[in-house]
Amino acid sequence: MAIAAKALPFSFVAHVIALVLAVLVLVWNIHFRGGLAWEDTNKNLIFNLHPVLMLIGFVILGGEAIMSYKSLPLKKEVKKVIHLVLHAIALVLGIVGICAAFKNHNESGLANLYSLHSWIGIGVAVLYGIQWVYGFVVFFYPGGTADIRRESLPWHVLFGTFVYILAVANALLGFLEKLTFLENSGLDKYGSEAFLVNFTAIATVIYGVFVFLTILSQAHTEDDHSYSAI
C-alpha cells in the first residue's frame, strides 16, 4: 500500500522533528534533571542516560533507518548500508540505555523489571536485535537467494514496522512513568518541566506519524528492497 505523494517532503518534516526531539530530551535531562553520567554519586544522573539514549536510538535513529530507503535518492546498495548502519547504532544506543537503567536501579537499591514499560522495553530490544541480525544475514551478508529475499521482504518490513510501533509506544509509557514519579515526588504538575515532558511525548508521536507517511509514500526511485510492500 502506498499513497500518491512523494516521500521526500514527509522525510524533511520528520528530520526536523527528529532534531527537535533530540534537543527536547537533552534539555530535559541536562537542564532540568541535572546532567548525564555513567559514574556519579548522584545516581539520578546515571538514569538520565536512559531516556536520552532510548529516544535517540530506537525512536529517532530507528525512524531514520526505516525512512532511508524511501527518502534518499541513492543507489540501492548505498541505501542498504545506511539502513543497516543506522539500525546498528540505534540498537547499540538502546542496549546502553537499558544498561543505564539497570545500573541506576542496582546502585540505588531499586527493583528491576517491575513495570510494563520495562517489560516492553526488554521485548523491543530483543525483537530489534533479531530483526537486525536477520536483515544482515538475509539481505546483506552472506545474503539469501533471490527467492528467499523476495519472500522474506514483506515479513521483514511488517516485523520491523511492528517493532518500531512498540518502540514509540513504549517511549510514551516511559515518559508517563517518569513524569508520574516526579509529580508524586513534588514536581509541579503545571510547571515548565512537566510541560516539556508532555510536549516531548507529543513530538514523539508526530515523528512516528511522519516516519510512516514517508514509508507509505512514493520513493525517489523504487527498488526491490524498498518499504513499498507495506
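Keep in mind it's a predicted model, so treat the numbers as computed, not measured.
In this structure, the separation between CG on L61 and CG on L53 is 10.5 Å, given to the nearest 0.5 Å. Summarising the geometry, atom CG belonging to L93 is positioned 11.5 Å from atom CD1 belonging to I98; distances are rounded to the nearest 0.5 Å. To the nearest 0.5 angstrom, F102 atom CZ is 5.0 Å from N112 atom CG. The CD atom of E107 sits 4.0 Å away from the NZ atom of K43 when rounded to the nearest 0.5 Å. Here the CD1-CG distance, from I89 to L84, works out to 10.0 Å after rounding to the nearest 0.5 Å. Rounding to the nearest 0.5 Å places CG of L8 at 8.5 Å from CG of L72.
Contact of the I66 side chain with the H87 side chain is registered, since non-hydrogen atoms from C-beta on lie closer than 4.5 Å. Looking at heavy atoms from C-beta onward, T200 lies in side-chain contact with F175 at the 4.5 angstrom threshold. Between E193 and L187, the closest side-chain pair of non-hydrogen atoms falls below 4.5 Å. In this structure, V211 and Y207 have side chains that are in contact, with non-hydrogen atoms separated by less than 4.5 Å. Residues H50 and K103 form no side-chain contact, since every pair of their non-hydrogen atoms from C-beta on lies 4.5 Å or further apart. Residues L55 and L21 have side chains in contact (heavy-atom distance under 4.5 Å, counting atoms from C-beta outward). Within the 4.5 Å cutoff, side-chain heavy atoms of V163 are placed close to those of F159. Using a 4.5 Å heavy-atom cutoff, the side chains of I165 and F212 are in contact.
The aromatic rings of F10 and F210 lie tilted to each other, with the angle between the two planes from 30° to 60°. Between H83 and Y69, the two ring planes are tilted [angle within 30° to 60°].
Between Y164 and G63, the closest heavy-atom pair is CE1-N, 3.4 Å. Scanning all heavy atoms of the two residues, the minimum distance from I60 to I56 falls at CB-O, 3.5 Å. What you find for V59 and A171 is that their closest heavy atoms are CG2-CB, 4.1 Å. When every heavy atom of S68 is checked against every heavy atom of I82, the shortest pair comes out as CB-CG2, 4.1 Å. Of all heavy-atom pairs spanning A90 and G62, the tightest one is CB-N, 4.0 Å. Of all non-hydrogen atoms in S152 and Y134, the two that sit nearest each other are OG-OH, 2.7 Å.
Without hydrogens or angle criteria, N170 side chain to L166 main chain gives no donor-acceptor distance under 3.5 Å. Judged by distance alone, the side chain of R149 and the main-chain N or O of G144 form a donor-acceptor pair under 3.5 Å. Put simply, the side chain of N104 never gets that close to the backbone of A100: no donor and acceptor are under 3.5 Å apart. Not one N or O on the side chain of K80 forms a donor-acceptor pair closer than 3.5 Å with the backbone of F140. Proximity of a side-chain donor or acceptor of N48 to a complementary backbone N or O of G35 within less than 3.5 Å is detected.
Other residues, nucleotides and ligands contribute only 12 or fewer heavy atoms inside 6.0 Å of the OH atom of Y141. In this structure, W119 places its CH2 atom where only 12 or fewer heavy-atom neighbours from other residues, nucleotides or ligands lie under 6.0 Å away.
Residues I120 and F162 fall within the same hydrophobic cluster, defined by Ile, Leu, Val, Met, Phe, Trp and Tyr side chains chained together at heavy-atom separations under 4.5 Å. By the criterion of side-chain heavy atoms lying less than 4.5 angstrom apart, applied directly or through intervening Ile, Leu, Val, Met, Phe, Trp or Tyr residues, Y128 is grouped together with L113 in one hydrophobic cluster. Transitive grouping of hydrophobic side chains (ILVMFWY, heavy atoms separated by less than 4.5 Å) keeps M54 and I46 in distinct clusters. Transitive grouping of hydrophobic side chains (ILVMFWY, heavy atoms separated by less than 4.5 Å) brings L74 and I215 into a common cluster. Note: the hydrophobic cluster containing I206 does not contain L19 (ILVMFWY, side chain heavy atoms under 4.5 Å, direct or indirect links).
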**OP:** Could you check W132 against F136 for ring-ring contact (aromatic ring centres under 6.0 Å, His included), going step by step and ending with a plain yes or no?
**Re:** CA-CA 6 Å; W132 189 88; F136 182 90; 5.3 Å; yes

**OP:** Start with the C-alpha gap between E177 and L173, add the side-chain angles, then the distance that decides, and say whether side-chain contact (heavy atoms from CB on, under 4.5 Å) holds.
**Re:** CA-CA 6 Å; E177 182 179 293; L173 280 177; over 6 Å; no

**OP:** Please report the C-alpha distance between L49 and V96 in whole Å, then the side-chain angles of each, then the deciding distance to 0.1 Å, and finally whether the side-chain contact (heavy atoms from CB on, under 4.5 Å) criterion is met.
**Re:** CA-CA 9 Å; L49 287 168; V96 176; over 6 Å; no

Original post:
Hey, mind stepping through F47 and K178 against side-chain contact (heavy atoms from CB on, under 4.5 Å) and telling me if it holds?
Top reply: CA-CA 11 Å; F47 181 84; K178 181 64 175 179; 3.9 Å; yes

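H15 and E64 share a side-chain donor-acceptor pair at under 3.5 Å.
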